[in-house]
Amino acid sequence: MPAAQLGPHVNSCDYQVTGDGVRLRTGPGNGTVRGLLHRSHTVYAHKAQRAWWRVRLAYDSGSASGTRKAASGLRAGATGWMTERYARAHACMQID
């Protein structure tokens, strides 16, 4: 089943991870674990497949290097799949 595009209301938001140790995977479901996301990490959702979202990890201006999330070891901009139940809309805007 091909991944579906998320609606415009999803693409206009960034999301905050609500759990600790949320697995960022190479594919939806049982993909290989790329790293762990932690509470308050920010991600952008691009695609959905059932209860899984393809996301991109946001830049962290508070990190020492500005490019790596200290708790996860993942670089800002890293992409992968996470389950939607650990994401909550953080900042949304509407463009008319």
Side-chain angles (χ1 to χ4, degrees):
M1 173 182 229
Q5 291 293 335
L6 296 173
H9 64 284
V10 175
N11 288 328
S12 64
C13 298
D14 63 48
Y15 291 83
Q16 193 166 42
V17 176
T18 61
D20 269 327
V22 176
R23 292 173 183 93
L24 183 68
R25 297 182 176 272
T26 57
N30 295 324
T32 303
V33 176
R34 296 194 62 207
L36 300 177
L37 301 173
H38 297 282
R39 192 174 313 278
S40 81
H41 280 174
T42 301
V43 296
Y44 301 98
H46 299 286
K47 294 182 181 179
Q49 186 174 349
R50 295 190 185 108
W52 291 86
W53 286 357
R54 181 163 170 76
V55 298
R56 179 175 48 87
L57 187 59
Y59 173 77
D60 180 10
S61 60
S63 70
S65 67
T67 59
R68 197 176 284 274
K69 300 285 188 179
S72 68
L74 293 166
R75 291 193 176 278
T79 60
W81 293 81
M82 67 175 284
T83 182
E84 68 177 321
R85 72 176 172 209
Y86 294 113
R88 146 176 85 80
H90 180 247
C92 297
M93 69 177 153
Q94 182 175 344
I95 301 172
D96 293 328

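Computed from a predicted structure; not experimentally measured. For the numbers below, each heavy atom of this structure counts, side chains included, while hydrogens, waters and symmetry mates do not.
- With rounding to the nearest 0.5 Å, the separation of CZ in R54 from OH in Y44 is 16.0 Å.
- Taking all atoms of both residues into account, the shortest heavy-atom contact from A87 to W53 is CB-CZ3, 3.8 Å.
- In plain terms, the two heavy atoms of W52 and M82 that are nearest each other are CE3-C, 3.3 Å.
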Only pairs under 3.5 Å count here: list side-chain donor-acceptor contacts from residues 20-28, not counting sequence neighbours, and write none if there are none.
{"unit_1": "D20", "atom_1": "OD1", "unit_2": "R39", "atom_2": "N", "d": "3.0"}
{"unit_1": "R25", "atom_1": "NE", "unit_2": "G29", "atom_2": "O", "d": "3.2"}
{"unit_1": "R25", "atom_1": "NH1", "unit_2": "G31", "atom_2": "O", "d": "2.7"}
{"unit_1": "T26", "atom_1": "OG1", "unit_2": "T32", "atom_2": "N", "d": "3.0"}

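- Between R34 and L74 the shortest heavy-atom distance is O-CD2, 3.6 Å.
- Considering only heavy atoms from C-beta on, L57 stays 4.5 Å or farther from R75 through its side chain.
- Closest non-hydrogen pair, A76 versus A58, comes out as CB-O, 3.8 Å.
- Residues satisfying the side-chain hydrogen bond (donor to acceptor under 3.5 Å, both in side chains) test with R88, not counting sequence neighbours, are Q16.
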